[in-house]
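A quick write-up on the structure given underneath.
The chains referred to below are lettered A, B, ... by the order of the sequence lines, with proteins before strands, and numbering in each begins at 1. Owing to the predicted nature of the structure, the values given are computational and were not obtained by experimental measurement.
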Amino acid sequence: MMQVFNTMSGKKEDFKPQGDEVKMYVCGVTPYDDAHLGHAMSYIIFDVIRRYLKYRGFKVKYVQNVTDIDDKIIARANKLGIPQRELAEKFTRRYFEDMRALNIEEPDVTPYATDEVPKIIEMVRGLIDKGYGYEAQGSVYFRVRKVPDYGKLSHRSLDSMKAGIRIEPGEEKEDPMDFVLWKASKPGEPAWDSPWGPGRPGWHIECSAMSLKYLGNTLDIHGGGQDLIFPHHENEIAQSESFTGVKPFVRHWLHNGMVQMGAEKMSKSLGNLITIKQALQNYSPDAIRIFALGSHYRSPLTYSEEILEAAEKGAERLRQSIRSEERAEVGVGVDIEAYKKRFTDAMDDDFNTPKALATLFDLARELNRLRDMGQGVAQGQFLLLSLANVLGFPLAPWRPWEIAGIPLDEELFAQTSAMIYQELGRSAPSLENQNADSTIDNLVELRQELRKAKRWKQADMVRAKLDEAGIALEDTPQGTVWRRRR
RNA sequence: GGCGGCGUAGCCAAGUGGUCUAAGGCACCGAUCUGCAAAAUCGGCAUCGGCGGUUCAAAUCCGCUCGCCGCCUCCA
């Protein structure tokens with residue numbers, strides 16, 4: 001039985017979805033800037049949870065929204081002098097590029113807030129009818145005092161929150177804790193017609209409306225970063241349960257820890273962030289995944305280059321062990337069931353990815369050992385690959401940089417080649433119609449000749465020059481192979 | 001101030017009463033392999049922030065203490 005930590009109860013619980021299909025909703029992005037490693041962590045985690053559920057035999061319907069209208073988008077668009085829609089579309093596109101690069105599976109449904117205005121208006125109206133919402137000067141607010149169990153997710157009471165609230169001047173709320181369902185628009189702002197005049201959805205309502213529409217009154221899993229617990233998710237509960245009259249809105253609340261920069265949380269507002277695009281320039285998707293999965297998802301994770309470097313080395317280790325080699329011999333193989341059980345036991349325990357990863361590393365070592373002994377390891381490699389896939393690792397078996405989408409620098413290798421031939425006092429072959437790949441192949445071949453002639457110094461020079469250019473050579477019984485070094 | 005969490009080897013990080021003289025990754029040291037390397041393999045490398053309790057038994061429970069972080073306002 002899978003155990004899952006539920007923020008609501010504060011403890012691990014048996015995972016019990018309502019039916020065969022797990023209904024999963026994860027809060028998406030507000031696209032006004034590039035996504036950063038904090039987003040990467042969160043979406044990798046939920047990607048893994050989704051993949052694991054499927055591995056465990058569940059069907060999963062995964063919905064993740066895009067909040068393409070909100071104050072931040074308007075503010076940023078105004079600052080840049082472009083339409084809000086253009087800004088949102090640009091960063092939505094860039095967000096999905098990042099997700100693809102990180103091998104995060106696409107949601108089954110991606111609702112956009114601006115497409116769901118009718119559903120949102122229907123919900124706001126319903127909340128007013130039931131006495132939970134009230135209109136004030138073109139905006140509609142949610143009457144928090146009317147929900148006796150308000151605060152149950154974040155474990156705080158309305159009274160304890162009273163201290164330290166500030167009331168924005170000009171707000172028309174009955175209670176300072178009331179939050180906006182529908183926000184009247186100022187002139188010039190994007191607006192939709194509504195029974196209360198032109199306006200736009202409040203921040204929390206769109207998630208309620210979309211999850212309700214696409215997944216029904218009760219979700220099995222609702223996920224997001226810990227920073228969303230209050231007020232966002234608390235308010236979602238209040239709205240949704242008040243509107244549908246069905247409890248619970250969510251059976252299992254899952255929240256991931258924050259990525260920290262040094263001592264502080266990485267966040268857009270603090271501006272202390274590394275974007276996913278920046279990270280991908282230096283590290284492979286596998287490395288970023290190891291970074292995210294190397295500690296438990298509920299713990300905070302501190303970014304540092306050292307950690308990413310270490311993760312990259314680890315990723316390389318996994319890649320190396322699944323790299324194919326022709327072996328006639330079949331060998332005794334590994335205890336597939338034992339590894340599967342270790343992996344499953346770890347993941348069943350509230351998605352203990354560090355433990356699951358450790359299993360993969362142990363398997364990798366055993367495969368390497370068997371291979372060193374001359375045994376065929378294809379079966380074990382297949383197991384490693386399939387378990388790694390549950391954790392979402394692309395683990396491209398060879399030439400991983402192709403996956404990262406970073407091409408080899410042809411100019412650099414042309415220069416390297418010329419330098420080497422010059423050093424050897426030979427005339428360089430024509431590089432017409434040569435790409436970096438074949439240039440390197442030629443140099444490797446050249447070095448082989450030199451080795452055969454036992455001209456070690458010269459052979460080593462070739463290797464050293466290639467190394468400088470970022471290419472590592474390995475002499476194996478099957479011949480010399482090269483790979484891009486980071 | 002309220003709520004929540006953390007402190008395990010040089011670094012990252014599992015483990016939450018006995019199988020822990022503590023998993024895994026990175027780094028480092030030694031060995032094997034190699035023309036030399038690289039990769040790989042083998043071996044080495046911690047007593048769990050501090051103090052005091054509970055217990056036959058604690059990293060794991062309780063108390064105190066020191067240090068750190070998140071949320072309470074937009075945020076994955």
Side-chain angles (χ1 to χ4, degrees), chain A residues 7 10 26-30 32-33 35-46 64 70-72 75 151 154-157 159-166 168 203 223-232 234 255-260 263-270 273 290-291 293-296 298-302 304 306-318 320-321 323 342 346 349 352-362 364-373 451 454-457 459-460 463-464 467 472-477 480-483 485:
Chain A
T7 305
V26 176
C27 282
V29 289
T30 301
Y32 69 91
D33 212 340
H36 59 254
L37 286 180
H39 299 103
M41 174 186 182
S42 191
Y43 297 124
I44 286 173
I45 295 296
F46 289 108
Q64 185 180 312
D70 111 318
D71 291 0
K72 293 253 165 145
S154 51
H155 307 110
R156 52 191 90 187
S157 68
D159 293 326
S160 76
M161 284 186 278
K162 259 174 134 178
I165 322 173
R166 52 165 188 255
E168 299 290 331
W203 175 37
Q226 280 170 353
D227 52 356
L228 296 181
I229 295 172
F230 190 90
H232 187 53
E234 195 70 60
H255 292 99
N256 64 276
M258 299 290 99
V259 172
Q260 318 240 133
E264 279 179 318
K265 184 177 82 169
M266 179 181 287
S267 79
K268 292 187 189 175
S269 43
L270 290 172
L273 44 81
I290 289 181
F291 167 69
L293 302 178
S295 74
H296 188 82
R298 279 186 286 116
S299 305
L301 183 55
T302 304
S304 76
E306 297 75 58
I307 298 174
L308 266 301
E309 285 300 333
E312 190 69 67
K313 293 273 180 56
E316 187 55 27
R317 187 175 170 73
L318 293 178
Q320 289 279 39
S321 83
R323 118 196 185 193
R342 263 182 78 187
D349 182 16
N352 193 329
T353 54
K355 234 185 200 173
L357 253 183
T359 306
L360 297 195
F361 279 111
D362 281 341
R365 187 192 296 108
E366 186 172 356
L367 292 178
N368 289 335
R369 189 190 300 135
L370 291 172
R371 181 160 49 193
D372 278 4
M373 283 167 18
R451 289 182 71 211
K454 297 204 191 295
R455 299 167 72 170
W456 306 123
K457 270 197 174 161
D460 289 351
R463 183 171 64 195
D467 190 69
L473 300 190
E474 287 178 34
D475 300 326
T476 75
T480 299
V481 293
W482 60 269
R483 68 194 154 86
R485 190 170 49 69

Inset, instruction - Would you mind classifying the nucleic acid contact of Phe46(A) as base, sugar-phosphate or nothing, using non-hydrogen atoms under 4.0 angstrom? - result: nothing
Inset, instruction - Using a strict 4.0 Å threshold on nitrogen-to-oxygen distance, state whether Arg156(A) and Glu234(A) make a salt bridge. - result: no
Inset, instruction - Could you tell me whether Met258(A) contacts a base, only the sugar-phosphate backbone, or nothing, with contacts defined as non-hydrogen atoms closer than 4.0 Å? - result: base
Legend entry - Asp349(A) CG to rU60(B) P, straight-line distance once rounded to whole Å: 19 Å
Inset, instruction - Hunt down the Watson-Crick or G-U wobble partner of rU55(B), both distances under 3.5 Å, from any strand shown, or write none. - result: none
Inset, instruction - Rounded off to whole Å, could you give me the CZ-to-P distance for the Arg298(A) and rC71(B) pair? - result: 18 Å
Inset, instruction - Kindly assign one of parallel, tilted or perpendicular to the pair His39(A) and His36(A), based on the angle between their ring planes and the thresholds 30° and 60°. - result: tilted
Inset, instruction - Determine the contact category for Asp467(A): base if any of its heavy atoms lies under 4.0 Å from a base atom, sugar-phosphate if only primed atoms, P, OP1 or OP2 are that close, otherwise nothing. - result: nothing
Legend entry - Complementary nucleotide for rC3(B) - Watson-Crick or wobble, under 3.5 Å: rG70(B)
Inset, instruction - Rounded to the nearest angstrom, tell me the gap between atom CG in Leu308(A) and atom P in rG25(B). - result: 18 Å
Legend entry - Residue met sooner reading RNA chain B from 5', once Arg342(A) and Gly10(A) are mapped to nucleotides: Gly10(A)
Legend entry - Leu293(A) and Ile45(A), any side-chain heavy atoms less than 4.5 Å apart: yes
Inset, instruction - Have a look at Val259(A) and say if it touches a base, only the backbone sugar-phosphate, or nothing, with a 4.0 Å heavy-atom cut-off. - result: base
Legend entry - Candidate nucleotides rA14(B), rG24(B), rA76(B), ranked by approach to the side chain of Ala358(A) - the nearest: rG24(B)
Inset, instruction - Please state how far atom CE in Met266(A) lies from atom C1' in rA76(B), giving the value in whole angstrom units. - result: 11 Å
Inset, instruction - Would you kindly give the CZ-to-P distance between Phe361(A) and rA23(B), to the nearest whole Å? - result: 16 Å
Inset, instruction - Determine whether the side chains of Asn368(A) and Arg365(A) contain a donor N or O and an acceptor N or O closer than 3.5 Å. - result: no
Legend entry - Partner nucleotide, any strand, of rG10(B) [Watson-Crick/G-U, under 3.5 Å]: rC26(B)
Inset, instruction - Produce a footprint string for nucleotides 31-41 of chain B: one letter per nucleotide, 5' end first; B if the base is under 4.0 Å from any protein heavy atom, S if only the sugar-phosphate is, - if neither. - result: ----BBBBSBS
Inset, instruction - Report yes if the side chains of Phe46(A) and Gln64(A) come closer than 4.5 Å at any heavy-atom pair, otherwise no. - result: no
Inset, instruction - With C1' as the reference atom in both, quote the distance from rG15(B) to rC28(B) in angstrom, rounded to an integer. - result: 25 Å
Inset, instruction - Identify the nucleotide, in any strand shown, that forms a Watson-Crick or G-U wobble pair with rA46(B), with both distances under 3.5 Å; if there is none, say none. - result: none
Legend entry - Any Trp456(A) side-chain heavy atom under 4.5 Å of Arg451(A) side chain: yes
Legend entry - salt_bridge(Asp460(A), Lys457(A)) N-O dist < 4.0 Å: no
Legend entry - Of the listed nucleotides rC12(B), rA76(B), rC26(B), the one nearest the side chain of Ile307(A): rC12(B)
Inset, instruction - For rU21(B), give its Watson-Crick or G-U wobble partner with both distances under 3.5 Å, or none. - result: none
Inset, instruction - Please determine if a side-chain N or O atom of Lys355(A) lies less than 4.0 Å away from the OP1 or OP2 oxygen of rG15(B). - result: no
Inset, instruction - Check whether the side chain of Lys72(A) and the base of rC74(B) form a donor-acceptor pair under 3.5 Å. - result: yes
Inset, instruction - Please figure out whether Leu357(A) or Asp227(A) has its closest RNA chain B nucleotide nearer the 5' end. - result: Leu357(A)
Inset, instruction - Using a 4.0 Å heavy-atom cut-off across all strands, classify Ser299(A) as base, sugar-phosphate, or nothing. - result: sugar-phosphate
Inset, instruction - Answer yes if the side chains of Arg317(A) and Gln320(A) hold a donor-acceptor pair under 3.5 Å, and no otherwise. - result: no
Inset, instruction - Check every atom of rA76(B), rA23(B), rA27(B) against the side chain of Ser42(A) and return the nucleotide holding the closest atom. - result: rA76(B)
Legend entry - Interatomic distance, His232(A) NE2 vs rU73(B) C1' [rounded to whole Å]: 15 Å
Inset, instruction - Name the pairing partner of rU41(B), where a pair is Watson-Crick or G-U wobble with both distances under 3.5 Å, or state none. - result: rA31(B)
Inset, instruction - Not counting sequence neighbours, which residues clear ring-ring contact (aromatic ring centres under 6.0 Å, His included) with His232(A)? List them please. - result: Trp203(A), His204(A)
Inset, instruction - Output the single nucleotide from rC71(B), rC3(B), rA76(B) whose closest atom is nearest the side chain of His39(A). - result: rA76(B)
Inset, instruction - Any strand is fair game: report the nucleotide pairing with rU60(B) by Watson-Crick or G-U wobble, both distances under 3.5 Å, or none. - result: none
Inset, instruction - Select base, sugar-phosphate, or nothing to describe what His36(A) touches, counting heavy atoms under 4.0 Å on all strands. - result: base
Inset, instruction - Looking at every strand, decide which applies to Gly294(A) at a 4.0 Å heavy-atom threshold: base, sugar-phosphate, or nothing. - result: sugar-phosphate
Inset, instruction - Among rG2(B), rA76(B), rA14(B), find the nucleotide with the atom closest to the side chain of Arg156(A). - result: rG2(B)
